[in-house]
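Below: the structure, in structure tokens.
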Amino acid sequence: MRLHGTQLVNEQGHLEIGGCDTVELAKQFGTPLYIMDEAHIRDICRQYHCSFVEGIENAEVIYASKAFSTLAMCRIIDEEGLGLDVVSGGELYTALQANFSAERIYFHGNNKSREELAMAIDAGVGRIVVDNFYEMSILNELAQGRNQQVNILLRVTPGIEAHTHEYIQTGQIESKFGFTLPDGTADRALNLALSYSNLVVKGIHAHIGSQIFELESFRHEVQIMINYMADILKRTGCLLQELNLGGGFGIYYASGDDPALIADYAKTVQSALEDACHDQKFPRPKIIVEPGRSIVGTAGTTLYTVGSIKEIPEIRKYVAVDGGMTDNPRPALYQARYEAVLANRANEATVESVSITGKCCESGDMLIWDIELPKAISGDLLAVSCTGAYNYSMSSNYNRLTRPGVVLVRDGHADVIVKRETHSDLLRNDILPERLKYLQMASR
Ligand code: LLP
């Protein structure tokens with residue numbers, strides 16, 4: 001397994017993260033456990049800040065909190081000086097409860113409810129990224145009712161097919177998101193938005209997909225968007241000054257993944273911007289990028305305890321852990337690949353190929369197919385790396401499994417930032433109607 005951030009193997013041969021021995025973390029907090037490496041998250045935030053905010057004139061980086069949204073995470077992002085992207089009332093509520101200043105929040109989503117839009121206006125979020133005509137009319141009505149002006153970006157679907165899993169592609173024409181550019185829908189949306197007196201169109205937004213390795217996709221995106229902004233200026237005289245390029249920068253999960261450097265990502269955006277603005281004689285707009293996965297992905301590790309082991313001679317050996325698709329649905333959803341190590345014997349040579357399965361009642365509940373490990377025995381600890389993004393945030397209670405806790409580690413300290421769920425948490429919202437409380441004869 002490749003080590004990330006502050007991960008190292010200590011003298012006892014144990015995996016250590018943020019100066020904390022994972023064997024001790026397992027004893028103290030139990031498993032499964034999500035471990036987040038604070039220094040690593042901050043380091044990546046700083047790389048983004050340095051490459052984009054300091055490296056490009058008039059640029060902003062906003063963290064896509066759907067990747068991992070908790071109070072502590074919002075505080076870290078705030079302290080690192082980045083903005084925040086939220087996609088629901090729940091993510092907005094989390095940010096506001098963390099005292100994140102509303103002006104630095106962007107609100108996305110393809111089906112925001114009236115209540116969510118009202119909540120965003122009342123909180124004073126910086127930008128609402130309008131996705132469709134239905135939303136636009138509700139938003140204008142709400143803004144009118146409050147006699148307020150609301151700053152918006154229009155989400156445009158540019159017609160780019162980024163090379164990534166089809167479930168996480170979003171720039172292609174048939175996407176459910178945004179106003180389609182090539183067929184003229186985006187023009188209609190812009191005209192309508194400009195006619196609404198309570199909406200102020202600040203710019204446009206596009207997000208072409210996620211886990212993208214080819215920087216050329218982003219160059220292409222910049223070209224299309226600047227061409228479009230220049231076209232709008234020529235046709236309508238309206239000068240849009242903000243261009244939000246979305247997120248999507250890919251990360252390393254397992255061998256074969258070869259992500260670019262954040263600095264090179266910024267250079268690509270910068271040079272594409274210079275070229276396109278020069279070609280179109282268009283004044284440089286403010287640039288916004290919205291990384292989610294690349295800020296937290298490699299900073300997360302999930303720690304499990306090995307339980308049952310089933311060997312089917314000549315076929316496969318299953319090593320089962322005490323979590324699974326409930327804490328990491330990504331292998332089942334996107335055929336995502338991961339690396340892992342026995343955290344209590346991290347120096348030992350690998351001797352066999354096994355498959356890591358979870359404890360859910362589903363054959364598809366697999367975490368890793370065919371991984372080389374030392375001979376695992378029940379009670380060993382298995383650490384799966386790069387689980388910081390879209391794991392906790394996509395976790396579920398399927399099979400009524402309780403969600404793991406999350407600890408934030410740094411300089412030898414571990415702070416619980418999300419408590420492990422208990423069985424009684426599972427029943428928190430269950431209600432037993434009076435008529436079901438006592439055994440009654442069924443009336444036939
Ligand atoms: N901005 C917008 C409008 C987005 O829709 C997304 C991700 C991002 C930014 C952040 O993208 P990132 O930098 O994280 O790639 N659950 C999937 C990923 C879904 C991404 C959805 N949108 C997964 O686990 O791979």
Determine, step by step, whether Asp21 and Leu25 satisfy the side chain to side chain contact (heavy atoms under 4.5 Å, CB included) criterion, reporting the C-alpha distance in whole Å, the side-chain angles of both residues, the deciding distance to 0.1 Å, and the verdict.
-> CA-CA 6 Å; Asp21 187 320; Leu25 292 177; over 6 Å; no

Is there a donor-acceptor contact under 3.5 Å from the side chain of [X] to the main chain of [Y]?
X      : Y      : result
Lys112 : Gly109 : yes
Thr180 : Pro182 : no
Asn391 : Ala389 : yes
Ser393 : Ala67  : yes
Ser113 : Glu116 : yes
Gln211 : Ile251 : yes
Asp415 : Ile417 : no
Ser396 : Tyr398 : yes
Glu16  : Gln7   : no
Asn344 : Leu381 : yes

Between atom [atom1] of [X] and atom [atom2] of [Y], what is the distance when rounded to the nearest 0.5 Å?
X      : Y      : atom1 : atom2 : answer
Ile204 : Leu245 : CD1   : CG    : 9.0 Å
Glu339 : Leu3   : CD    : CG    : 9.5 Å
Ser355 : Tyr318 : OG    : OH    : 6.5 Å
Ile105 : Leu96  : CD1   : CG    : 5.0 Å
Ile41  : Arg410 : CD1   : CZ    : 11.0 Å
Asn198 : Gln149 : CG    : CD    : 5.5 Å

Do the side chains of [Y] and [X] get nearer than 4.5 Å, heavy atoms only?
X      : Y      : answer
Ile287 : Glu60  : no
Cys50  : Val53  : no
Thr22  : Ile35  : yes
Ser137 : Tyr196 : yes

Run the side-chain hydrogen bond (donor to acceptor under 3.5 Å, both in side chains) check on Thr298 and His40 step by step: do they pass?
-> CA-CA 8 Å; Thr298 53; His40 189 37; 2.8 Å; yes

Flag this pair as yes if the NZ/CZ of Arg2 is under 6.0 angstrom from the six-membered ring centre of Tyr252 and inside a 45 degree cone about the axis; otherwise no.
-> yes

Only distances under 3.5 Å count here; give the side-chain donor-acceptor pairs of residues 72-91 to other protein atoms, sequence neighbours excluded, each with its distance to 0.1 Å.
{"from": "Arg75", "atom 1": "NH1", "to": "Asp78", "atom 2": "OD2", "distance (Å)": "2.8"}
{"from": "Arg75", "atom 1": "NH1", "to": "Ala98", "atom 2": "O", "distance (Å)": "3.0"}
{"from": "Asp78", "atom 1": "OD1", "to": "Arg104", "atom 2": "NH2", "distance (Å)": "2.2"}
{"from": "Glu79", "atom 1": "OE1", "to": "Arg42", "atom 2": "NH1", "distance (Å)": "3.2"}
{"from": "Glu79", "atom 1": "OE1", "to": "Arg42", "atom 2": "NH2", "distance (Å)": "2.8"}
{"from": "Glu80", "atom 1": "OE1", "to": "Arg46", "atom 2": "NE", "distance (Å)": "2.9"}
{"from": "Glu80", "atom 1": "OE2", "to": "Arg42", "atom 2": "NH1", "distance (Å)": "2.8"}
{"from": "Glu80", "atom 1": "OE2", "to": "Arg46", "atom 2": "NH2", "distance (Å)": "2.7"}
{"from": "Ser88", "atom 1": "OG", "to": "Gly90", "atom 2": "N", "distance (Å)": "3.3"}
{"from": "Ser88", "atom 1": "OG", "to": "Glu91", "atom 2": "N", "distance (Å)": "3.0"}
{"from": "Glu91", "atom 1": "OE1", "to": "Ser65", "atom 2": "OG", "distance (Å)": "3.2"}
{"from": "Glu91", "atom 1": "OE1", "to": "Val87", "atom 2": "N", "distance (Å)": "2.9"}
{"from": "Glu91", "atom 1": "OE2", "to": "Lys66", "atom 2": "N", "distance (Å)": "3.4"}

Residues, nucleotides or ligands: over 12 heavy atoms within 6.0 Å of Lys234 NZ | yes

Using every non-hydrogen atom in the two residues, find where [X] and [Y] come nearest and quote the distance to one decimal.
X      : Y      : result
Pro259 : Gly250 : CB-O, 3.4 Å
Asn227 : Gln280 : OD1-NE2, 2.9 Å
Leu401 : Cys360 : CD1-SG, 3.9 Å
Leu154 : Ala193 : CD2-CB, 4.4 Å
Ser385 : Tyr338 : O-CD2, 3.3 Å
Leu71  : Thr94  : CD2-O, 3.5 Å

I would like to know whether Leu382 and Leu303 meet side chain to side chain contact (heavy atoms under 4.5 Å, CB included); could you show each step before the answer?
-> CA-CA 6 Å; Leu382 185 89; Leu303 196 61; over 6 Å; no

Give me the ring orientation class for Phe249 and Tyr48: parallel if the planes are under 30° apart, tilted from 30 to 60°, perpendicular past 60°.
-> perpendicular

Pairing residues for [X] by the side-chain hydrogen bond (donor to acceptor under 3.5 Å, both in side chains) criterion, not counting sequence neighbours:
X      : answer
Gln223 : none
Thr6   : Asp37
Asp131 : none

With ring centroids as reference points, do His207 and His108 lie under 6.0 angstrom apart?
-> no

Taking the six-membered ring for Trp, are Phe133 and Phe179 ring centroids under 6.0 Å apart?
-> yes

Ser395 and Thr326: CA distance, side-chain angles, deciding distance, side-chain hydrogen bond (donor to acceptor under 3.5 Å, both in side chains) verdict = CA-CA 5 Å; Ser395 61; Thr326 41; over 6 Å; no

Under 3.5 Å donor-acceptor pairs involving side-chain atoms of residues 261-268, not counting sequence neighbours:
{"from": "Thr268", "atom 1": "OG1", "to": "Asp264", "atom 2": "O", "distance (Å)": "2.8"}

What's the verdict on side chain to side chain contact (heavy atoms under 4.5 Å, CB included) for Val319 and Leu373, showing C-alpha distance, side-chain angles and the deciding distance?
-> CA-CA 10 Å; Val319 172; Leu373 283 184; 5.6 Å; no

Verify side-chain hydrogen bond (donor to acceptor under 3.5 Å, both in side chains) between Asp187 and Tyr228, making sure each step is shown before the conclusion.
-> CA-CA 10 Å; Asp187 287 340; Tyr228 185 50; 2.8 Å; yes

Is [X] salt-bridged to [Y], cutoff N-O under 4.0 Å?
X      : Y      : result
Lys202 : Glu242 : no
Asp327 : Arg403 : no
Asp257 : Arg337 : yes
Glu57  : Arg284 : no

Test side chain to side chain contact (heavy atoms under 4.5 Å, CB included) applied to Leu117 and Ile128, step by step = CA-CA 8 Å; Leu117 289 168; Ile128 296 183; 4.1 Å; yes

Salt bridge (Lys or Arg N to Asp or Glu O under 4.0 Å): pairs with one or both residues in residues 357-371, sequence neighbours excluded | Arg316-Asp370

